[in-house]
Chemist: 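Here it is, the structure in full.
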Amino acid sequence: MVGGGQDAFIGAIHRLAANMDGLIELSCGALSIKPETAIASGKALFLPESRTYLTYEEMIKAEAGLPADERIDFVTIVTPNFAHFAPAMMALDHGFNVVIEKPMTFSLEEAKLLQQKVEETGLILCLTHTYSGYPMVKQAKAMVNEGKLGKIRKVWVEYPQGWLSKLSEREGNAQAAWRTDPTKSGKSSVMGDIGTHAAHLAEYITGAKITDVCAELNTLVEGRVMDDDGAVLLKFDNGSKGVLMASQVAAGEENALRIRVYGEKGGIEWFQHDPNTLTVRWLDEPTQVLRAGSNYAHLSSFATHNCRTPGGHPEGYLEAFANIYRNFALTLNCKLDGTTPTPEMLDFPSVEDGVRGMAFIDNVVASSQSDKKWTP
């Protein structure tokens, strides 16, 4: 693991998720840019002193020099956006597969270089777009793919948060500080942090690609240097239209990610605060409520493959995160064993999703700054 030490937020989430299915062992880490924190974090995680590194460069070089049966199989990168590209590129250069936080890189140019490197090496890169790991999101995707809703016409996706409703970056909040700093987060704060999740979810469920955006970005908290709110009109390559809203200043909201997709025959709705439920509204039939962990006869193999508990036992954010790690690990095991992974195993975000996410950020910013209506 690169980053994710004791003074970090997302590292512990990654470790819990990676550990959930017993497929992955944390073997080494460069857990902080602060040497004392890196060492203390390694001890707390029971890592050997010899494999608790002070820099990712030291870690990758040392691990690459170990015998094949001792060295790591992949590197997971859980640092802020500006510190994604260099360790990912170095890991791929030294033959290691990569799991990486989103957005994949600091810039679109970096994302394209990573994609090129993945293609050159044949290694696997997994991007942790967590929400695609929920079983009922996978059920929604399967229903769209099977044509049950008919031709898709409209997508509404929204991600309101309220945690940046105050100038928290000036009040000692480290998470707010780097996310609202353009030298660390990139071109956009709100679209880089949560808008990319919404865009990925829209593409993941519909199977369609966003082709054009018409965007407005806003900075609503006085004194903030980056955007904290925005809305985007979307065009998709299947002819459907969409609306995307992302805001970090919706006071009182937590992580209220919601998506609605409508076709000729009906529509589906999924809400992260009730993740086990998928609501299906039919044009000529009563509304249907599908639940994770029950009525398996009505669920796709992609949904059931990612369910862990019996019906009525909530599966949430950690399980969704773990599904991404599990599917990546199962795919990597197949690669190491020379066997063929199933489509269900291969169902995790890839380097292509990472490039599309960075292209989304770039073009939303360009659209917001432009007098033109649409930006391809």
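The figures here come from the full heavy-atom set of this structure, side chains too, leaving out hydrogens, waters and symmetry mates.
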Chemist: Using a strict cut-off of less than 4.0 Å between a Lys/Arg side-chain nitrogen and an Asp/Glu carboxylate oxygen, indicate whether K112 and E109 qualify as a salt bridge.
Modeler: no
Chemist: Would you call R179 and E169 a salt bridge, taking side-chain N to carboxylate O under 4.0 Å as the test?
Modeler: no
Chemist: Enumerate the residue pairs fulfilling side chain to side chain donor-acceptor pair (under 3.5 Å) with a member in residues 132-151, sequence neighbours excluded, ordered by first and then second residue.
Modeler: Y134-Q272, K138-Y204, K138-D347, Q139-S300, E146-K148
Chemist: Backbone N or O of P135 within a donor-acceptor pair of the N306 side chain at under 3.5 Å?
Modeler: no
Chemist: Holding to ring-ring contact (aromatic ring centres under 6.0 Å, His included), I want the full list of residues that pass it with F74, two or more places apart in sequence or in another chain.
Modeler: F328
Chemist: Taking all non-hydrogen atoms of both residues, which atom of L257 and which atom of F271 are closest, and how far apart?
Modeler: O-CD1, 3.3 Å
Chemist: Just verifying a value: how many Å separate L283 CG and E264 CD, rounded to the nearest 0.5 Å?
Modeler: 10.0 Å
Chemist: Please name the residue in the list H298, Q288, E285 that meets the side chain to side chain contact (heavy atoms under 4.5 Å, CB included) test with V280.
Modeler: Q288
Chemist: Spell out, yes or no, whether V243 and W374 are grouped together once hydrophobic residues are joined by side-chain heavy atoms under 4.5 Å, including indirect joins.
Modeler: yes
Chemist: Testing the basics here: between L299 and G293, what is the closest heavy-atom pair and its distance to 0.1 Å?
Modeler: CD1-N, 4.5 Å
Chemist: With sequence neighbours left out, what residues match T219 under side chain to side chain donor-acceptor pair (under 3.5 Å)?
Modeler: none
Chemist: Roughly how far apart are I194 CD1 and Q161 CD, rounded to 0.5 Å?
Modeler: 4.0 Å
Chemist: Could you pull out the closest heavy-atom pair between T183 and F82, with the gap in Å?
Modeler: O-CB, 3.8 Å
Chemist: Check this for me: does any side-chain nitrogen of one of R356 and E203 sit under 4.0 Å from a carboxylate oxygen of the other?
Modeler: yes
Chemist: Would you check, one step at a time, whether the test side chain to side chain contact (heavy atoms under 4.5 Å, CB included) holds for V249 with N218?
Modeler: CA-CA 10 Å; V249 295; N218 310 298; over 6 Å; no
Chemist: Report the residues that fulfil salt bridge (charged side-chain N to carboxylate O under 4.0 Å, His left out) with D237, sequence neighbours left out, ordered by chain and then residue number.
Modeler: none
Chemist: Within the distance-only criterion (no hydrogens, no angle test), does the side chain of R51 pair as donor or acceptor with the backbone N or O of M59 below 3.5 angstrom?
Modeler: no
Chemist: Would you say L113 ends up clustered with L123 if hydrophobic residues are merged whenever their side chains have heavy atoms under 4.5 Å apart, either directly or through other cluster members?
Modeler: yes
Chemist: Kindly write out the residues that satisfy side chain to side chain donor-acceptor pair (under 3.5 Å) with K43, not counting sequence neighbours, or none if the list is empty.
Modeler: none
Chemist: Say you draw a straight line from CG of L332 to CG of L23; how long is it, rounded to the nearest 0.5 Å?
Modeler: 10.5 Å
Chemist: With a 4.0 Å cut-off on N to O distance, would you call D353 and K102 a salt bridge?
Modeler: no
Chemist: So, using salt bridge (charged side-chain N to carboxylate O under 4.0 Å, His left out) as the criterion, who are the partners of D362 when residues are at least two apart?
Modeler: K187
Chemist: For a quick test of reading the model, state the closest non-hydrogen atom pair linking I324 to L127 and the distance between them.
Modeler: CG2-O, 4.4 Å
Chemist: CD of E58: more than 12 outside heavy atoms within 6.0 angstrom?
Modeler: yes
Chemist: Between E344 and N327, do the side chains contain an N or O donor and an N or O acceptor separated by less than 3.5 Å?
Modeler: no
Chemist: Roughly how far, to the nearest 0.5 Å, is the OH atom of Y53 from the CD1 atom of I39?
Modeler: 13.5 Å
Chemist: What are the two closest non-hydrogen atoms of V98 and I77, and how far apart are they?
Modeler: CG1-CD1, 4.0 Å
Chemist: What residues, two or more places apart in sequence or in another chain, satisfy salt bridge (charged side-chain N to carboxylate O under 4.0 Å, His left out) together with R281?
Modeler: E269
Chemist: Using only heavy-atom distances, determine whether the side chains of D227 and S188 contain a donor-acceptor pair under 3.5 Å.
Modeler: yes
Chemist: Look at the side chain of S368 and the backbone N and O of V364, then say whether any donor-acceptor pair between them is shorter than 3.5 Å.
Modeler: no
Chemist: Which atom names give the shortest non-hydrogen contact between S189 and T180, and what distance separates them?
Modeler: OG-CG2, 4.1 Å
Chemist: Under the side chain to side chain contact (heavy atoms under 4.5 Å, CB included) rule, collect the residues that match up with V118, sequence neighbours excluded.
Modeler: L92, L125, V351
Chemist: Can you give me every donor-acceptor pair (side chain of residues 5-15, partner residue at least two apart or in another chain, under 3.5 Å) with its distance?
Modeler:
unit_1	atom_1	unit_2	atom_2	d
H14	ND1	Y325	OH	2.7
H14	NE2	E101	OE2	2.8
R15	NH1	G4	O	2.6
R15	NH2	G4	O	3.2

Chemist: With sequence neighbours left out, write down each residue that passes ring-ring contact (aromatic ring centres under 6.0 Å, His included) with W156, or none if nothing qualifies.
Modeler: Y262
Chemist: Quick one, Y131 and I205 - any side-chain contact, counting heavy atoms below 4.5 Å?
Modeler: no
Chemist: Within the supplied structure, the quantity of interest is the number of heavy atoms (other residues, nucleotides, ligands) at a distance under 6.0 Å from K34 NZ; does it exceed 12?
Modeler: no
Chemist: Any pair with a residue in residues 240-254 that passes side chain to side chain donor-acceptor pair (under 3.5 Å), sequence neighbours left out, goes on the list, sorted by first then second residue, please.
Modeler: D193-Q248, D229-S247, N238-S240
Chemist: Does H273 use its side chain to pair, donor to acceptor, with the backbone of N255 at less than 3.5 Å?
Modeler: yes
Chemist: Show every side chain to side chain donor-acceptor pair (under 3.5 Å) that has at least one partner inside residues 77-92, sequence neighbours left out.
Modeler: none
